[in-house]
Amino acid sequence: MKTGRPAGAGLLSAKDGRWLCFWIGALIALGIWDHLFLNRPAFERIINGFINTVFIALLSVVFTLAMAWVITLAFHRLGSANNRSGFYVLSFFLNLIRSIPQIVGVLFGYIGIAALVTAGMLPGKAAIFLLMSICMSGFIMPEVIDLLRERIDHYVKLDFFNALRVCGVSQWRIINFDILWKNSRIHILNKLISVFGSAVFLQCSVDFIISVGLSSDVNAVTLPTTLGSLLAKMDSKQDILAIGNTLTNPAYLPQLFFQHLQGLTVASLIVITLLAVYQISCGYAERHRL
Amino acid sequence: MTGRTFDIAVAAAGRSIVRVVGYPVFDDRITFLFGESGIGKSVISKALYGFMNSAELQIEINEKPYGSHLRDPWTQAIKRNSFFVFQEPSSHFNPLMTINDQLNEGSLAGMQEEDILSRLWRNSSTALIRKLLDVFPKPYRPSGGEKQRILLAMAFKRIDAWIASAPSGEPTYFVFDEPTGSLDNTYRNLFLELLFEKYMQKSFTIVIITHDYSIISEIYNRYRHLIDRVHFKELSRLDENRVAVHDFSAEEYLDWLAAPRPQPVKHLVVDPVLEIQPRFSIFGRRLAIYADSERTRLQPLLINKGDMVYLKAPSGVGKTTLAKIIMGIYRAEQFSMTLDGIAVTDRSAMSLWPSSIWGKRAGMVFQHADESLNLASTVRETFKGLPLKKRLSESALVNYLGELFDGRPVTGSFLRKKVAHLSGGQKQRLNLLRTLILGTGLIILDEPLNGLDFLSVKKVLGLLDEKRAAGVSLLMISHNEEIFEHFIDEENIYYLGEIE
């Protein structure tokens with residue numbers, strides 16, 4: 001009887017692997033096409049915007065995880081020490097954040113960042129990136145805190161937790177190593193993939209809103225270029241209108257791929273990235289039976 | 001004697017679960033199948049019965065695909081004539097149907113069960129049994145033992161149908177997977193009595209998968225006339241993937257049991273390690289510790305240095321609960337104990353246990369190794385984070401594990417193996433060793449022989465005896481009365497009971 005791994009058990013055999021390949025493949029294809037047919041300044045803006053978007057989203061993932069982990073441990077500490085007032089204060093703070101729609105929270109956070117930049121209080125690009133990521137993480141982290149607390153609560157009810165405690169293993173080791181790291185890292189990683197998608201989506205939405213509606217001066221001068229802000233630019237908007245035009249005038253379709261590349265590329269990058277991240281997350285969950 | 005042998009191989013996602021050559025099924029005989037838990041007894045039995053999902057598993061029987069086994073006339077016949085009693089009764093009831101409806105569902109419909117139920121619930125009134133049948137099963141209701149007996153009742157209905165049928169020469173295959181796991185000895189014996197009575201009316205093929213070695217004594221004491229129709233078989237591991245089936249020597253077990261028990265080392269100074277006052281309450285129930293099995297003489301539970309004490313009680317009374325109270329996991333009312341000089345009451349601060357007791361003065365081996373070990377960890381990681389006096393090197397750990405894993409040499413690759421990939425018996429031994437390495441003066445062992453094969457049982461008891469001789473005090477909780485009553489002095493046996 002064959003007991004080896006079935007043929008084709010590599011990256012492409014899993015749904016998440018296939019979608020990761022699709023994402024990377026689509027990025028490369030778009031890059032090659034733009035390199036051939038898009039003017040150099042616009043191409044560089046798109047590369048810059050994409051890298052900034054992905055970088056801020058990755059930073060948001062890191063901050064979300066760090067903040068959620070610390071707050072989860074604080075919840076556990078307050079709960080096990082029977083410190084009800086501390087527990088309720090922290091719950092209230094978390095629920096307050098939860099009550100604000102993420103997009104509204106991040107929007108006001110960005111306004112604050114823009115104000116700081118205008119006042120000259122944020123010297124470099126790195127500081128702006130950090131603040132933008134922290135701002136986004138603050139509104140995404142309740143989801144991750146819920147997951148971490150759920151995992152801990154599940155294991156604390158089992159004999160597993162008490163069996164380790166009565167062996168003299170410290171509670172912090174059990175929580176951090178045995179429960180969160182050894183038994184929950186797949187769940188956490190799956191959640192972080194979603195967090196990355198949320199961060200891209202929030203960033204694009206908020207940047208688009210700021211660039212279109214609030215202050216083009218602030219955006220143009222101070223905040224880094226992202227896919228959202230690129231989409232809001234006049235020439236991108238014309239490109240998007242051109243996509244709409246093909247619905248009533250299909251003969252115009254071929255020209256989209258040569259004359260309206262900036263808007264088309266930015267829109268494609270956003271849509272393909274969000275779709276691929278969503279499918280990777282679903283595939284990962286299916287593969288690990290979460 | 002007729003029968004069949006099977007070569008069975010089951011794998012999942014390319015990883016072998018079990019592979020056995022020459023597994024016998026003796027027609028119209030009674031086979032007791034022993035072996036450490038997780039070795040593949042249930043998998044083999046289910047595969048033969050035709051229960052496995054070939055979409056998820058790769059199964060071959062006699063080197064043919066599973067589909068061919070399922071189409072075999074033997075498999076078709078046993079499915080018509082037989083029954084499979086599953087190991088975990090709780091998961092096999094439909095919560096949306098009453099017990100009575102499930103007892104009369106499908107092929108069980110139209111057959112009487114009153115006689116069977118009254119035999120399995122001896123001393124219970126018909127009204128009480130009827131009340132039970134109207135219940136929608138939930139995880140905690142009826143009790144584990146009651147659910148187990150209901151499953152057995154279903155099997156007996158199928159047996160009655162087989163007995164009532166005209167002689168057909170068709171094969172049968174009644175499998176009882178751990179049928180007495182949730183039953184105390186009284187109910188276990190009622191089950192055996194009824195089973196053998198039916199068997200004597202018309203013989204059929206019986207396979208009983210069990211870890212309960214004391215069943216051997218029951219058969220030799222009460223059913224000696226059936227001995228020549230009984231086979232004792234055991235599965236043992238040949239290597240990572242293969243298991244072997246061989247005869248289990250019932251005589252060896254009985255001789256071991258009859259052999260003079262080791263005399264405990266008498267410590268010159270009587271040094272109390274644990275003393276628990278006999279009355280306490282928890283979860284609205286009043287419990288008490290007694291010195292006699294009739295539960296008339298209240299007595300504090302006293303464990304001196306180097307004592308092995310056995311706490312007895314029927315299932316569900318609260319043996320494990322008391323162990324958890326001692327370890328500060330549950331809080332009882334009117335509770336008072338002295339542990340290694342520390343006075344503990346129901347008003348003691350919860351911080352007392354982590355600061356002074358856990359891993360320092362006392363340790364506890366929990367009942368189910370599967371639930372108490374971190375299955376996602378490696379064997380090596382299981383020993384990390386313990387409050388040991390000195391760092392445990394890899395070579396020291398290899399030597400230490402050798403105390404109970406000496407069937408095959410322990411290697412570095414074993415240390416890197418995930419606990420989830422160990423067999424049930426290996427997990428149980430690891431569970432024991434994790435607590436024993438702490439070197440605490442008191443160790444509470446809740447069902448320490450769970451899931452072990454006979455060889456491991458002897459080794460574990462030998463190791464515990466060494467600990468006792470070295471001055472460690474042991475509090476044993478186990479349903480395996482025959483073995484522990486043999487090993488522990490009568491004066492060190494206590495009885496837990498509920499005060500009405």
Audit row: A/Asn162, B/Lys324, side chain to side chain contact (heavy atoms under 4.5 Å, CB included) steps and yes/no | CA-CA 9 Å; A/Asn162 286 323; B/Lys324 289 185 174 176; 5.6 Å; no
Determine, using ring centers only, whether A/Phe160 and A/Tyr155 are less than 6.0 Å apart.
-> yes
Under 4.5 Å heavy-atom distance to chain A, tell me which part of B/Ala362 shows up: side chain, backbone, both or neither.
-> backbone
Answer with side chain, backbone, both or neither: which region of A/Arg165 has an atom nearer than 4.5 Å to a non-hydrogen atom of chain B?
-> both
When B/Lys360, B/Glu381, B/Met327 are compared by non-hydrogen pairs under 4.5 Å with chain A, the top option = B/Glu381
Taking 4.0 angstrom as the limit, do B/Lys427 and B/Asp370 come out as a salt bridge?
-> yes
For B/Leu438, is it the side chain, the backbone, both, or neither that has a heavy atom closer than 4.5 Å to a heavy atom of chain A?
-> side chain
Carboxylate-amine/guanidinium contact A/Asp146 A/Arg98, below 4.0 Å = yes
